[in-house]
Amino acid sequence: MDYFVVVCCGYWQRFIIEKAKELGFKVIGIDSDPKALARDSCDVFIVANVRNPHECLMAVKDFHVIGCITTNDFAQQSVGLINEYFNLPGVSYEQAIMTTNKMAMKSIYRKASCGFKIPAYSLSGVKKPISGSASIGVSKSNIPEEGYFIEEFVAGEEHTLEGYMHNGEFKALAFSNKKKFVEFQVSTSILYPPLDKKEKLEKAYRDYFKQFGLNNCSIHAEVISDHLLEFASRTASGIGTHILPWLTGSDYLGNLIKLASGQEVDEMKPLPDRWALFHFFAPVGRIKEIKEPKNAEDWFIKVKVGDIVNAPSTDTSRVGDAIYLANSKEELDEKSSEVNQIIIV
């Protein structure tokens with residue numbers, strides 16, 4: 001029997017699990033948490049350390065696995081090792097290491113001839129863990145620390161670039177504008193206007209992604225001005241499950257599953273006049289009231305009335321989010337005008 005493996009089984013991963021089952025696969029879910037939110041959606045659920053590639057491989061090596069995917073950086077190496085063991089078309093173990101190790105990214109960049117910059121190493125600026133995600137461990141600092149590096153601080157508006165690699169080519173699907181807490185550098189919202197520079201983005205980044213030998217995978221990158229901060233060979237939760245399907249009018253998750261299992265995919269391209277907003281709730285203080293977002297396509301709130309919430313220091317310390325989809329900026333603004341009244345402190 002053919003099995004499709006999803007590493008990490010949280011709230012957003014359940015959409016991937018359900019899509020794989022819709023396509024006719026039996027799904028094996030792996031998560032470190034025995035009470036993972038999407039465990040009951042899986043045909044087989046296995047508790048294993050998603051950060052430990054060998055442990056994840058041992059958990060599934062006796063199954064007939066035909067594809068494997070995750071939406072989390074810290075599980076990407078586990079996916080890579082499973083892909084290699086079963087000779088699957090997705091990201092390899094070595095590629096997973098390169099795309100989750102920020103110093104490896106910088107090293108590869110120096111070999112590529114591309115029309116953008118990467119922040120230089122510095123004695124003072126932004127300190128980052130060599131391997132990590134979700135802004136965990138990121139701070140402004142001039143103090144060296146083992147397992148970290150310091151790079152120059154790049155000012156300007158931050159963007160995310162979404163797309164995928166297929167047949168050796170990079171296809172751009174979305175380019176966002178991000179708003180952040182200035183002090184903590186944590187995103188408070190991501191706005192997706194219609195993509196109007198698809199060919200320019202593809203030309204600028206194609207050669208860089210090719211240097212990693214990437215193919216049959218999604219791409220999620222973070223950009224400021226002409227600087228590429230970092231990127232990952234996976235889709236991002238919420239963005240891949242709701243926003244990209246809307247912006248492209250495609251079965252985006254189905255296509256990612258097909259990419260990971262070596263099947264032909266349908267053409268995906270951005271549609272005009274489609275907008276999206278990914279809003280993150282970040283109240284500070286004691287929560288007095290929580291209202292349901294009436295206009296959101298989907299939402300998730302993990303706190304309750306009476307909880308005391310501090311300002312977020314990482315992406316994972318935000319208390320919830322809501323996704324809004326619309327056919328115009330005016331419609332999007334009207335739908336999302338409720339966001340400041342959802343969680344009252």
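As the structure is a computational prediction, the values presented were derived from the model and not from experiment. This chain uses plain numbering: 1 for the first residue, then up along the sequence.
Between Phe278 and Ser176, the closest side-chain pair of non-hydrogen atoms is not below 4.5 Å. The shortest side-chain heavy-atom distance between Ser189 and Leu277 falls under the 4.5 Å cut-off. Within the 4.5 Å cutoff, side-chain heavy atoms of Leu191 are placed close to those of Trp275. Looking only at side-chain heavy atoms (C-beta outward), Tyr192 and Thr160 come within less than 4.5 Å of each other. The shortest side-chain heavy-atom distance between Ile343 and Val319 falls under the 4.5 Å cut-off. Using a 4.5 Å heavy-atom threshold, the side chains of Val44 and Tyr3 count as touching.
The closest donor-acceptor contact from the side chain of Gln95 to the backbone of Ser92 lies under 3.5 Å. A donor-acceptor pair under 3.5 Å is absent between the side-chain atoms of Gln76 and the main chain of Ala232, judged by distance alone. In this structure, the side chain of Asp321 does not engage the main chain of Phe280 through any donor-acceptor pair within 3.5 Å. Listed for the Lys335 side chain is a donor-acceptor partner under 3.5 Å among the backbone atoms of Leu325. With hydrogens and angles disregarded, no donor-acceptor distance shorter than 3.5 Å links the side chain of Asn83 to the backbone of Leu88. In this structure, the side chain of Glu202 engages the main chain of Ala172 through a donor-acceptor pair within 3.5 Å. The backbone N or O of Tyr93 sits less than 3.5 Å from a side-chain atom of Glu84, completing a donor-acceptor pair. Side-chain N or O atoms of Ser32 include one that pairs as donor or acceptor with a backbone N or O of Val50 at under 3.5 Å. With Glu18 contributing its side chain and Phe15 its backbone, the two residues share no donor-acceptor pair below 3.5 Å. At least one donor-acceptor pair under 3.5 Å links the side chain of Asn49 to the backbone N or O of Arg51.
Taking every heavy atom of both residues into account, Pro270 and Leu173 meet most closely at CB-O, 3.5 Å. Minimum interatomic distance between Gly29 and Cys9 (heavy atoms only, all atoms of both residues): CA-SG, 3.5 Å. Shortest non-hydrogen contact noted between Pro283 and Phe281 is CD-C, 3.5 Å. Closest non-hydrogen pair, Leu247 versus Arg274, comes out as CD2-O, 3.5 Å. The two residues Leu256 and Ser218 make their nearest non-hydrogen contact at CD2-CB, 3.8 Å. Between Val47 and Pro34, the closest heavy-atom pair is CG2-CA, 3.7 Å.
Atom NZ of Lys198 is surrounded by more than 12 heavy atoms from other residues, nucleotides or ligands within 6.0 Å. Atom CD of Glu169 sits in a crowded spot, with more than 12 heavy atoms from other residues, nucleotides or ligands closer than 6.0 Å. No more than 12 heavy-atom neighbours from other residues, nucleotides or ligands sit within 6.0 angstrom of CD on Glu264. Within a 6.0 Å radius of CD in Gln263, other residues, nucleotides and ligands contribute more than 12 heavy atoms.
Of the charged side-chain nitrogens involved, at least one lies within less than 4.0 Å of a carboxylate oxygen, so that Asp73 and Arg234 count as a salt-bridged pair. Ionic pairing of Lys19 and Asp251 is present here: one or more N-O contacts between side-chain nitrogen and carboxylate oxygen are shorter than 4.0 angstrom.
Each salt bridge (Lys or Arg N to Asp or Glu O under 4.0 Å) pair with one or both residues in residues 297-314, not counting sequence neighbours, appears once here: Lys304-Asp307.
Classified by interplanar angle (parallel below 30°, tilted 30° to 60°, perpendicular above 60°), the ring pair Phe175/His159 is parallel.
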query = Could you walk me through whether His279 and Trp299 pass the ring pair (Phe, Tyr, Trp, His ring centres under 6.0 Å) check?
reply = CA-CA 9 Å; His279 178 82; Trp299 58 276; over 10 Å; no
task = Kindly indicate, with the supporting measurements, whether the criterion side chain to side chain donor-acceptor pair (under 3.5 Å) is fulfilled by Tyr324 and Glu334.
result = CA-CA 10 Å; Tyr324 296 88; Glu334 181 179 353; over 6 Å; no
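Shown are Thr71, Thr241, Asp31, Thr70; of these, the side-chain hydrogen bond (donor to acceptor under 3.5 Å, both in side chains) with Gln13 is made only by Thr71.
Taking the six-membered ring wherever Trp is involved, the centroid distance between the rings of Phe86 and His64 does not fall below 6.0 Å.
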